[in-house]
Amino acid sequence: MNSPQQSTERVAAYLEVAKAAALAAGEVLQACWGKLESIVEKDRPGDLVTEADRQAEAVILEILRQNFPEHSILAEESGQFGDLNAEYLWAIDPLDGTTNYAHQYPFSAASIGLLINGVPTVGAIYDPFHRELFAGAIGIGATCNDRSICVSNVDKLAKSLLVTGFAYDRRETPDNNYQEFCYLTHITQGVRRAGAASIDLAYVACGRLDGYWERGLSPWDLAAGVAIVEAAGGTITAYDRSPFDIRSGRILATNGKLHDELSQELLYVTKIEPWSWLESRG
Ligand code: IPD
Ligand code: CA
Ligand code: CA
């Protein structure tokens, strides 16, 4: 009953539902674009929620419940349904990049990931502004609009283009990623801050970007993108290359070739005096 063949078929079925749900959420995001009536700050300054987040989440929940009523769900806006340690846990971000969306900066996505026994295994990320559906599953591979994708070949940080982000608690903690951002900007071809973690990961998966790091994230920001990057041949760990833990909120995702160098530089810049790298590295 549990032959690898059957299990791959099952995973492929989960992937198809995830893709359908992401596309359906994308329709909501397009319909609400530029017409928001409510933009509300949640617990933290700058952490916004709109009717687009809520309506897109409702559409995703309906599709997942219809198909997999027995699975657990963790959804950004409506919370937890079922056991978080269940064999099947869907992690949903109905609108990743809400700040962009609320300002009508067209860079946001719906992100839907499935953790199987705690491991991000299936992901679908739909960016309705560029009409790009990124999808992938461990053991199956990764696609953008159904065409196969893989990570880049860049093997030196000096030749790389990276991406990162800044968590909503950045004003409350010295662990705010500011030194890391400036230092890595100094030693690479650039560091983007695009404002949607799921698309950052999708772009690493398809080779537009070579690496991504960030802290302060939630499982719904990460689940889909982690599955897609790994399915596209990339590497995901903690900053220090120890195993990735989705509950830590911290991620280092690369094409694999840059992984050790980026990890070393991240650890280096967090140990030295702020800005001392500016003199020593020239
Ligand atoms: C945010 C975005 C952003 C990242 C934040 C996330 P949201 O998600 O992914 O890029 O830097 O940490 O919280 O709030 O737009 O769903
Ligand atoms: Ca998010
Ligand atoms: Ca969100």
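Counting starts at 1 for both ligands and their atoms, in listed order.
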Heteroatom proximity flag, A167 to ligand 1, N/O under 3.5 Å: no
Close-contact set for ligand 1 against F166 heavy atoms, below 4.0 Å: 11 (O)
Closest protein heavy atom (residue, atom, distance) for atom 9 (O) of ligand 1: D96 OD1, 2.6 Å
Ion pair D169/R215, N-O distance below 4.0 Å: yes
Ring geometry between F68 and W90 (parallel below 30°, tilted from 30 to 60°, perpendicular above 60°): parallel
Test item, Y101 contacting ligand 1 (heavy atom, 4.0 angstrom): no
Residue-ligand contact L95/ligand 1, heavy atom below 4.0 Å: yes
Side-chain heavy atoms of F81 within contact of H71, under 4.5 Å: no
E76 near the Ca ion (ligand 2) via N/O/S, less than 3.0 Å: no
Under 3.5 Å donor-acceptor, D96 side chain and A197 backbone: yes
Nearest-neighbour protein heavy atom for atom 6 (C) of ligand 1, which is reported as residue plus atom name and distance: D221 OD1, 4.0 Å
Atom of D93 closest to the Ca ion (ligand 3), considering N, O or S atoms: OD1
A197 contact mode with ligand 1 (heavy-atom cut-off under 4.0 Å): both
Basic-acidic side-chain contact under 4.0 Å: R208, E132: yes
Structural part of R170 in contact with ligand 1, heavy atom criterion under 4.0 angstrom: neither
Identity and distance of the protein heavy atom lying nearest atom 12 (O) of ligand 1: E214 OE2, 3.1 Å
Side chain, backbone, both or neither: Y168 near ligand 1, heavy atoms under 4.0 Å: side chain
Polar atom proximity, G195 to ligand 1 (N or O, under 3.5 Å): yes
Heteroatom proximity flag, G97 to ligand 1, N/O under 3.5 Å: yes
Test of proximity, T98 against ligand 1: N or O pairs below 3.5 Å: yes
Close N or O approach (L217, ligand 1; < 3.5 Å): no
Ion pair E16/K19, N-O distance below 4.0 Å: yes
Matching residue for Y268 among W277, Y183, Y239 - test: ring-ring contact (aromatic ring centres under 6.0 Å, His included): Y183
The Ca ion (ligand 3) contact by G97, N, O or S atom under 3.0 Å: no
Minimum-distance atom from the Ca ion (ligand 2) among N, O or S atoms of D221: OD1
Closest approach to the Ca ion (ligand 2) by D96, given as the N, O or S atom name: OD1
cation_pi(R192, Y203) dist<6.0 Å, angle<=45: no
Audit row: F129, W33, ring-ring contact (aromatic ring centres under 6.0 Å, His included) steps and yes/no: CA-CA 10 Å; F129 303 103; W33 179 248; 4.5 Å; yes
